[in-house]
Amino acid sequence: MSFSLGQLSFIVLGYLFVLFTTAYAVERGWVPRRWVRHPLVYIFSLGVYASAWAFYGSVGMASQYGYGFLAYYLGIAGAFVLSPVLLRPILHITRIYQLSSLADLLAFRYRSRLAGMLVSLFMLAVVVPMLTLQISAVADTLYLLNNELSLTTLAFGFCVVMVLFAVLFGARHVSPREKHEGLVFALAFESLVKLLAILVLGGVVLLSVFAPAGGLEQWLVDHQELLTNRQLTLQEGPWRTLLLVFFAAAVVMPHMFHVTFTENLNSDALKPASWAFPLFLLAMAMMVPPILWAGVYLNVQTPAEYFAIGIGLQLQSPALVIITFLGGLAAASGIMIVMTLATAAMFLNHLVLPFHKPSPRHDFYRWLLWVRRALIAGILLLAYFFYAAIGTGLDLNRLGLLAFVASLQFLPGVLGLLYWPRSNRKGFLSGLIAGILVWTYSMLLPFSAYRMDWQLPLPLPVVDETNWHLAAIAAFGINMLLFVLVSLVSRQKASEVSAAQACSVDTLSRPSRRPLIAGNSNDVIVALSKPLGRYVAEREVYQALADLDLPSYEDRPYALRRLRARLEANLSGLMGPTVAHDIVSRYLPFQENAELSEDIYQIEQRLEGFHDRLSGLAGELDNLRRYHRQTLERLPMGVCSLADDGEILMWNQAMTDLTQIPARQVTGSHLSRLPPPWQSLLQDFLRNRAMHEYKKRVDIGARPRWFSLHKSVIKPSGGQPGGIVLLMEDQTDTQLLEDELMHSERLASIGRLAAGVAHEIGNPVTAIDCLAQNMRYETENPELLEMANQIQEQTRRVTRIVQSLMNFAHAGHHSTEHEPVNLAHIINEAMQLLRLSKRSQDIQFENLCHDSLYLLGDAQRLVQVFVNLLSNARDASSPGQTIRVDAEADQHQLVVRVVDEGHGVPADKLDRIFEPFFTTKDVGKGTGLGLSLVYSIVEEHYGHIAIESPVSNGRGTCVKVSLPRYHPEPVTESSEPAA
């Protein structure tokens, strides 16, 4: 059974097109976001590890080593089980510093451009054999299905197709730093395809192939000797070496690093992946032995590596062949795309950009895009040439061992950056170079010489399935030995110490508060425009500011330090940590001779990030620190901590509530940056020698507030930085309460005085009235009678004034029972009281309320309402103006309007006009209690009050008071029809 080239081309291109469509759908937003970011997608995307070696080569390993093939799955599963101490710290570092490849990580840790270059170059020893393995697997299976073309021709055609799709997947857009969510989703899809394919094949084997033989178990019992003779005994040495190399693959293989760390969209997904991904591998591994046994049982004529495809051919089942071929194609294509993209990014950052960068006048992003595309094509073509020269003579197992043993040489550097801060670049480079040289001599050259029939002057070791592990352990052992010895005898540079502190899981960096030469974010843009160009500099600076949630213009020293660190991290993701560090160090330097104390705020942020890694005494001390930090943060008193130079280090929540200034806006700035009145308040207090100031008045808008201030000086000692702590306590409520009590006492005193005066005036006024009456009885002279009437009228007026004063003085002692009150009378009484003041002599008061209008209430308190309203209207009016009071009535409600012609109330003050102690008058001319008291009295009478301002022509104020109406007589409806 065979397939035509057209059919095979359709299958290959069709599958890759479906894969690309899946990624494109994600990029266009056609797939729900919650699906794309679901942990299951991340777990299945990790299945890119299961390459063509897992789909085909594992059967070959099982044929040679029996159950030893499980090392391929158990090694990496062990790495994910240990993710809290291995994978999660690396993910934390790569995310903070935007490190997108293993070369970025090692170059960042060892602060060495040469380290990045050598890691990138030596990564070819991993990438080329691994890509060759995928090319060989696809070309061989294509040749099994159609042998019209040669293997190299089929391989070349497949490489060309993969170049096209690799560019479409990872180098289609201009921005090279974005997350490829579509690629991750497509990888999850292809993992599902190969899992289903191998499960379908295993199901056919178990349910169909062995059915005539009485079942798989019976056949195994009958043919034990046949299976034993086909396999070598896997000794402890090769078994342990296999576990080690596959364990290392989780972090050093470029495709695994890219998917596990670079494309990780949700750091929390690593936790379920630590157990779910091994289950995925277990599901694939379970199908390998049945496929091997079915191939033996059916006497499939293909090599054991291709029993999977051979079973379908032997059974003459086109559907099974296509399903199996699609599974192998999915396994090969996924790793080829990811590995090529990761390696191209590595080469761009460490082999291209350090030696050549475009002119700032060119489009930097587009230049990066085209260089990346060229690197993708070059890497895949290099793998093809290796396949054409050597790969055709090597089976999948040898190609896989070449790649994985080469990747093992990077493991010492990774372990050193996590757990050995003492390690340095010299030790790392010495060990890496020695390990690669030993690998080249003991593994690559023997394999290549056998295939190419080379005659080399050096004797080469014989490497086969029984002793390859000796070469692998020799290369790794020499690497590790030199790494440790050279690191011990050589010294670290200061930059290495800083990087080691940033990377080590047991050490925290101690950043200092050194100011930058650049004074603000605009200066940063100008400085970066020299190496990057104005457009790129602006884009990167604004992106970094947005990442940090900072405003577009920033000049706080602490914020600029954060901006510098973020820019280095972002540029690291764009062009590699080495180039990014060089650019930032050169164009955004710190000020010389300005070494200050340690940045406490940044140290606390780092501690928060390392909280879950601390245990024992360190964990208890950190819990104590967090407790005291929360105590200060939640203290009901404002706390502001200052460094020696006045930089704000802490601004707690109470301080935010008091000043309405968020902590993130002022942390890292100086007190001089605070808005008024807080700037002068705090700076004046700091200059003052007094350690305490009580009830300091601050006018905020039209409302006064009072604060008590305290300070404490922290002297530096034992490496602890010094500073000043400011405490601010709000005393406004206390001060207002005292003022209100004093005001109430003054009113009570005035009331007592008015009562006494009224009593004393009452006797002579009564005597005068009696004398006037006697005059009327003793004379008939019209002039004297008129004079007596005028005297009596004036005495009655004095009596009314005195009675009004008495009523107003006793207004505080109001009754809870409301009585009928004539509206016109209380308005007249309020106006009469105001006319006693000299300020009312030039103001006209008009009472337009009808005498028939009554309401239920406390007459004394209602007089107090209108005294306050008319008093405010008088104060807002100019001489000669008129204040009018009128009323409208319906069946249940009276609406009284007090209208003046004054300057009005500003629109922004209307919402606060009834707040206690809020006033629009000048300081000292009003307490702000009048309208608040009016509001309370109106509410007691089940009424409503509102203010409209201006009334007309931008002037005047109208106060509307709605009160319940009272009907002195029952209201009867007329029976006559309406006209």
Side-chain angles (χ1 to χ4, degrees), residues 53 57-58 60-76 78-79 122-126 128-130 132-133 230-250 252-253 305 390-391 393-415 427-428 430-486:
W53 197 13
S58 293
M61 286 188 66
S63 177
Q64 291 182 356
Y65 302 119
Y67 290 108
F69 82 95
L70 289 173
Y72 178 79
Y73 302 95
L74 294 177
I76 195 167
F122 292 162
M123 192 59 72
L124 286 174
V126 179
V128 172
M130 185 57 70
T132 303
L133 188 154
R230 293 179 58 90
Q231 299 171 359
L232 299 174
T233 302
L234 184 61
Q235 303 296 327
E236 290 187 0
W239 171 255
R240 293 173 180 173
T241 306
L242 284 173
L243 287 176
L244 178 63
V245 297
F246 296 132
F247 174 87
V252 298
M253 276 290 188
E305 299 165 341
I390 300 173
L394 299 177
D395 57 22
L396 299 187
N397 286 334
R398 292 197 178 193
L399 288 170
L401 289 175
L402 277 177
F404 279 96
V405 173
S407 69
L408 185 62
Q409 308 313 311
F410 303 107
L411 184 60
V414 174
L415 296 178
F428 169 68
S430 301
L432 179 62
I433 294 172
I436 290 295
L437 289 177
V438 174
W439 171 85
T440 303
Y441 172 74
S442 61
M443 294 195 69
L444 180 62
L445 289 180
F447 288 169
S448 302
Y450 171 78
R451 173 68 180 88
M452 301 295 292
D453 197 19
W454 289 343
Q455 298 295 327
L456 297 177
L458 294 175
L460 296 177
V462 178
V463 181
D464 55 23
E465 288 77 4
T466 60
N467 62 0
W468 64 269
H469 67 283
L470 298 177
I473 292 300
F476 180 73
I478 293 174
N479 182 347
M480 182 66 79
L481 181 64
L482 286 176
F483 176 61
V484 173
L485 292 179
V486 175

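Along the sequence shown, the residues carry numbers beginning at 1.
With sequence neighbours left out, the side-chain contact (heavy atoms from CB on, under 4.5 Å) criterion links Leu244 to Leu408, Leu411, Phe476. For Ile433, the side-chain contact (heavy atoms from CB on, under 4.5 Å) partners two or more places apart in sequence, or in a different chain, are Leu118, Phe122, Leu437. Applying the side-chain contact (heavy atoms from CB on, under 4.5 Å) criterion to Ala471, with sequence neighbours excluded, gives Ser442, Met443. Remark: Phe404 engages Trp53, Phe246 in a ring pair (Phe, Tyr, Trp, His ring centres under 6.0 Å) (not counting sequence neighbours). Phe483 meets the ring pair (Phe, Tyr, Trp, His ring centres under 6.0 Å) test with Trp420; sequence neighbours excluded.
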Legend entry - side-chain contact (heavy atoms from CB on, under 4.5 Å) between Trp439 and Leu402, worked out: CA-CA 8 Å; Trp439 171 85; Leu402 277 177; 3.9 Å; yes

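Smallest separation of non-hydrogen atoms from Leu482 and Ala434: CD1-CB, 3.3 Å. The two residues Ala472 and Thr241 have their closest heavy-atom pair at CB-CG2, 3.9 Å. Taking every heavy atom of both residues into account, His469 and Pro238 meet most closely at ND1-CG, 3.4 Å. In this structure, Ser407 and Met253 approach most closely via the heavy-atom pair OG-CE, 4.0 Å. When all heavy atoms of Ile76 and Ala250 are compared, the pair lying nearest together is CG1-CB, 3.9 Å.
The side chain to side chain contact (heavy atoms under 4.5 Å, CB included) test with Asn397 is passed by exactly one of Leu399, Leu394, Asp395: Asp395.
In this structure, Arg398 CZ and Trp468 CH2 are separated by 12.5 Å, a value rounded to the nearest 0.5 Å. Atom-to-atom distance recorded for Glu305:CD and Gln64:CD is 7.5 Å, nearest 0.5 angstrom. In this structure, Ile436 CD1 and Leu124 CG are separated by 10.0 Å, a value rounded to the nearest 0.5 Å. Leu242 contributes atom CG, which lies 12.0 Å from atom OH of Tyr72 (distance to the nearest 0.5 angstrom). Remark: Leu396 CG to Thr132 OG1 distance equals 11.0 Å, nearest 0.5 Å. With rounding to the nearest 0.5 angstrom, the CD1 atom of Ile473 is 10.5 Å from the CE atom of Met480.
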